[in-house]
Chemist: 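Attaching a single structure in structure tokens format; questions to follow.
No hydrogens, no waters, no symmetry mates; every other heavy atom, side chains included, goes into these values. All values derive from a computational prediction rather than experimental measurement. Order of the sequence lines fixes the chain letters, A, B, ..., with proteins taken first and strands second; residue numbering starts at 1 for each chain.
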Amino acid sequence: MSHLRSLNPLQLRAATYGKGPLLVLAGAGSGKTKVLTSRIAHLVIDKKLRPEGILAVTFTNKAAQEIRERLERLIGERADKIWAGTFHTIGLRIIREEAGRLGLKPGLTVYDEEEQLLLVNYVMSELSMSNRDLPYRTVLWEINLAKNNCLSPDEYARCGESDLRDAVAPVYRAYQKKLSAMNAVDFGDLIMKPIELLEKDEAALRKYRERFSSILIDEYQDTNRSQYTMTRLLASGRADLCAVGDPDQSIYGWRGASVENILKFREDYKDAVVVKLEQNYRSTSNILGAANSVIVNNEDRIEKNLWTGNLQGEPVVYEECLNEDEEARFVVKEIKRLKAADPAMKFRDFTVLYRTNTQSRPFEELFFEEGVPYTIIGGFRFFDRREIKDCLAYLKAIQNPDDSLNFLRIVNVPPRGIGKATLERVHRISDAHDASLYEAFRRARKEGALNRDASDFIGTFEMLRGEMPGMALHDFAGRVLDITGYEDFWARKRTEDADVRVKNLQGLVASVRKYAETHPKATLADYLNLVSLMSDADQVDGRQDRVTLMTIHSAKGLEFPVVFMAGMEEGLFPHKRSVEEETVEEERRLCYVGMTRARRLLFLTSAKHRTSGKETALQLPSRFIAEIGPAFVTKKAYVPAERIREHMDAIRKILNPG
DNA sequence: GTAATATAGCTTTTT
DNA sequence: GCTATATTAC
């Protein structure tokens, strides 16, 4: 039974406990992924369950991939048959299978945040509301929160009352209507739509309950109302359910996640068995001691005793620096020192974690200057660049003719003489006939209501639509960039950044090619869906020898021999908004998550002066620093350079009197 | 009617 | 620092 070898007794119990429901409370570094994969292997090998009946929900697609890879070693190619992915990936799979029953057409588009924001803008303009009346971002936030809480526009409008709710409700309603007209779904819908289906369609509910004989949910402490509901719908049949999580690592409350879900698991699922994994195999006892001494300050917490048999290791180091540049300098210095001291150390053994994405800048600059190879996870991704977004908008608009939002985005990019007046005219046609923007353009063209430029473009667009089915994906992407003049539009601008944009466009085509080659049967819709669902954390690539820079949120589930946590300052971490909103306990859990990523060495740094925007502020060390038990940490306050100079002078005088 | 340029306003964490 | 909008130029 090689798949159960090397499990400790509690891990073994979690992996082999018979019919669920089962709740595994797995502390940081307690071998959670190992238990999860062992359990799946056990279900397939010993319990003879069909792999296609196993649903494993993970927090990132990469985590799902990792489980699949580990599983492959245990059960071979059967590993590919299990359903493993994020709630969103699984939701999309169900939606695509059941598009018809949900009033959607095949080839639907998934809108990302930027597209959502454009749609909110669009809808609000139609309702004669502007960003000044109510910021688009606020509205979008509210809509997303409603969806995370599993509230339809009607339910949202009805539950509770506030001025904001009254203002947002009609926008949410109109937004949802537009989404379906555009044959598109947003992230929230990826969970809401399957719920809708399972609730209203008995046959569908039966089908999916029968399909999944076993369900495993990772990071259960970070599930929101919608995800909880989807889980309940699928699991309350005869499927056994195994939820894995750690309340101390709940860090997505702001996204609607509710620790309650894990806390009331035993009420929700009667006869649930709980297994606690409290032995940490990851960190030194100093690191674990430091992390524990921080997390115990949370009042709203279930007692847990995470321990380790690992060596004591070095004390955690806290270093206060002059400013953010010096903070970066300290990190580079330490990386170089540690690498010199131990040649076995690689760049990929180090990570720099921070609270906000903007903090990456000084590190990026200094790492570049000092020749330290690095990768930044999150922030501005390749797929968020304007030229890439434009190109994807072309592909989406061609692929899904109802997607008026993306059609609108590209119709006059590059500028081709389709301006405000033309668009207004076509919009009227679109409204009158309840047709998509593209459809309206075609009508206008037939009626001769378009000028030459517009008419030509619609002709080109139709031609491309016709060519799509017969072409390889990358050839088609290249063809679109060529024939629409989009690539040329940048190539003609002879500015420095235009060159980069052209290169990025070629990079995109290369990425499509790579995808097409590894997925020979995939359609354009498959590629576009994949790109929409790709998360930042999915990019972490341990094969490259680079230092990883990312937010603590993105580091969830990862581990590194050496961790630097930067910006340990009041106002930044805990963030000042969390202090205002009284969610400091979640910040503390975030701090705990960050600290427990470290295996051997943990460095905490702060800047005495930090510049944000054009203001430089005097910063105080984070309260979390003071919470660390003194036995586990060495603290060094910032000493101004003059003081060092005075000190050196004094020493010189002693050594060299007179 | 359309395109290029200036300005204001925001920047916590993300599937 | 970046984008959506307002203003001005073509």
Chemist: Return no unless some side-chain N or O of A:Asn357 is found under 4.0 Å from OP1 or OP2 of B:dT13.
Modeler: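 Yes.
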
Chemist: By centroid distance (under 5.5 Å) and plane angle (under 30°), are A:His553 and B:dT13 in a stacked arrangement?
Modeler: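 Ring-base stacking flag not set for A:His553 and B:dT13.
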
Chemist: Ring centres within less than 5.5 Å and planes less than 30° apart: is that true of A:Tyr252 and B:dT14 in this structure?
Modeler: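 It does not: the ring fails the test against the base of B:dT14.
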
Chemist: Report the nucleotide, chosen from B:dT12, B:dA4, B:dT14, that has the shortest atom-to-atom distance to any side-chain atom of A:Trp141.
Modeler: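 In terms of side-chain proximity for A:Trp141, the closest of B:dT12, B:dA4, B:dT14 is B:dT14.
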
Chemist: Does a side-chain N-to-carboxylate-O contact under 4.0 Å join A:Glu587 and A:Arg623?
Modeler: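 The answer is no: the pair does not qualify as a salt bridge.
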
Chemist: For A:Tyr252 and A:Phe59, take the angle between the two ring planes, folded into 0 to 90°, and tell me which bin it lands in: parallel under 30, tilted 30 to 60, perpendicular over 60.
Modeler: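 Because their plane-to-plane angle lies in the 30° to 60° range, the rings of A:Tyr252 and A:Phe59 count as tilted.
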
Chemist: In whole angstrom, what separates A:Leu572's CG from B:dT11's C1'?
Modeler: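 About 12 Å, once rounded to whole Å.
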
Chemist: Whole-Å distance between B:dT15 P and A:Asn224 CG?
Modeler: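 It works out to 13 Å between those atoms.
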
Chemist: Indicate yes or no: at least one non-hydrogen side-chain atom of A:Phe212 is less than 4.5 angstrom from one of A:Trp83.
Modeler: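 The answer is yes; the side chains approach within 4.5 Å.
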
Chemist: A:Glu581 near the nucleic acid: base, sugar-phosphate alone, or nothing, with a heavy-atom cut-off under 4.0 Å?
Modeler: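 A:Glu581: base contact, heavy atoms under 4.0 Å.
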
Chemist: Across the strands shown, which category fits A:Arg386 at heavy-atom distances under 4.0 angstrom: base, sugar-phosphate, nothing?
Modeler: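 No contact at all - A:Arg386 keeps every heavy atom at 4.0 Å or more from the nucleic acid.
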
Chemist: Between A:Asp186 (CG) and B:dT15 (P), how many Å, whole number?
Modeler: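 Taking atom P of B:dT15 as the reference, CG of A:Asp186 is at 15 Å.
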
Chemist: Name the residue closer to the 5' end of DNA chain B, choosing between A:Lys420 and A:Arg355 according to the nucleotide with the nearest heavy atom.
Modeler: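 Per heavy-atom nearest nucleotide, the more 5' residue is A:Lys420.
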
Chemist: Should A:Gln227 and A:Tyr220 be marked as a side chain to side chain donor-acceptor pair (under 3.5 Å) after you check the CA-CA gap, both sets of side-chain angles, and the distance that decides it?
Modeler: CA-CA 10 Å; A:Gln227 294 164 338; A:Tyr220 197 71; over 6 Å; no

Chemist: To the nearest angstrom, how far is A:Ile377 atom CD1 from B:dT12 atom P?
Modeler: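 So the two atoms are 21 Å apart, to the nearest Å.
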
Chemist: Could you check whether any side-chain N or O of A:Asn61 sits under 3.5 Å from a backbone N or O of A:Leu533, counting only pairs where one atom can act as donor and the other as acceptor?
Modeler: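 Checked: pair present.
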
Chemist: At under 4.0 Å, does any side-chain N or O of A:Asn412 touch on OP1 or OP2 of B:dA3?
Modeler: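 Answer is yes, contact under 4.0 Å.
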
Chemist: Ignoring backbone atoms, establish whether A:Thr358 has a side-chain N or O less than 4.0 Å from OP1 or OP2 of C:dG1.
Modeler: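 Answer no for this pair, as no side-chain N or O of A:Thr358 is under 4.0 Å from OP1 or OP2.
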
Chemist: When you check the phosphate oxygens OP1 and OP2 of B:dG9, does a side-chain N or O of A:Tyr136 lie under 4.0 Å from one of them?
Modeler: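 It does not, given that no N or O in the side chain of A:Tyr136 lies less than 4.0 Å from OP1 or OP2 of B:dG9.
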
Chemist: Take the protein atom CZ of A:Arg137 and the nucleotide atom P of B:dC10, then report the distance between them rounded to whole Å.
Modeler: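 Checked: the CZ to P distance equals 11 Å.
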
Chemist: How is A:Phe87 classified with respect to the nucleic acid when contacts are heavy atoms under 4.0 Å: base, sugar-phosphate, or nothing?
Modeler: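 If one applies the 4.0 Å heavy-atom cut-off, A:Phe87 turns out to touch nothing in the nucleic acid.
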
Chemist: Rounded to the nearest angstrom, tell me the gap between atom CZ in A:Arg501 and atom P in C:dC2.
Modeler: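 Between P of C:dC2 and CZ of A:Arg501: 9 Å.
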
Chemist: Which part of the nucleic acid, if any, lies within reach of A:Arg416 when heavy atoms closer than 4.0 Å are counted: base, sugar-phosphate only, or nothing?
Modeler: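 Touches sugar-phosphate only.
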
Chemist: Go through the steps for A:Phe265 and A:Leu241 under the test side-chain contact (heavy atoms from CB on, under 4.5 Å), then give the verdict.
Modeler: CA-CA 11 Å; A:Phe265 186 88; A:Leu241 173 67; 3.7 Å; yes

Chemist: Tell me if the CZ atom of A:Arg225 is crowded by more than 12 foreign heavy atoms within 6.0 Å.
Modeler: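 Open.
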
Chemist: As a test of reading the structure: which of B:dT15, B:dT12, B:dT2 is closest to the side chain of A:Thr422, going by heavy atoms?
Modeler: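 The answer is B:dT2, which lies nearest to the side chain.
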
Chemist: Using only side-chain N and O atoms of A:Asn121, determine if any of them is under 4.0 Å from OP1 or OP2 of C:dT5.
Modeler: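 Answer is yes, contact under 4.0 Å.
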
Chemist: What nucleotide among B:dT14, B:dA4, B:dT15 has an atom nearest to a side-chain atom of A:Ser554?
Modeler: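 For the A:Ser554 side chain, the nearest candidate turns out to be B:dT14.
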
Chemist: When the distance from CZ of A:Arg255 to P of B:dT13 is rounded to whole Å, what number comes out?
Modeler: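 Result: 13 Å.
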
Chemist: Can you check whether A:Thr356 has a side-chain N or O nearer than 4.0 Å to OP1 or OP2 of B:dT11?
Modeler: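 The answer is no; no side-chain N or O of A:Thr356 sits under 4.0 Å from OP1 or OP2.
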
Chemist: More 5' along DNA chain B: A:Lys576 or A:Arg425, using each one's nearest nucleotide?
Modeler: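 Whichever sits nearer the 5' end wins; that is A:Arg425.
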
Chemist: Roughly how many Å is it from CD1 in A:Ile90 to P in B:dT15, rounded to a whole number?
Modeler: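 Computing the A:Ile90:CD1 to B:dT15:P distance gives 16 Å.
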
Chemist: Considering every strand and a 4.0 Å limit on heavy-atom distances, what is the contact class for A:Asn61: base, sugar-phosphate, or nothing?
Modeler: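 Nothing, no nucleic acid heavy atom in range.
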
Chemist: Using a heavy-atom cut-off of under 4.0 Å over every strand shown, decide if A:Ser578 touches base, sugar-phosphate, or nothing.
Modeler: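 Nothing, no heavy atom under 4.0 Å.
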
Chemist: If you only use heavy atoms from C-beta on, which nucleotide in C:dA4, B:dG1, B:dT13 is closest to the side chain of A:Ala421?
Modeler: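 Nearest listed nucleotide: B:dG1.
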
Chemist: Ignoring backbone atoms, establish whether A:Arg577 has a side-chain N or O less than 4.0 Å from OP1 or OP2 of B:dT12.
Modeler: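 For A:Arg577, the contact criterion (side-chain N or O under 4.0 Å from OP1 or OP2 of B:dT12) is met.
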
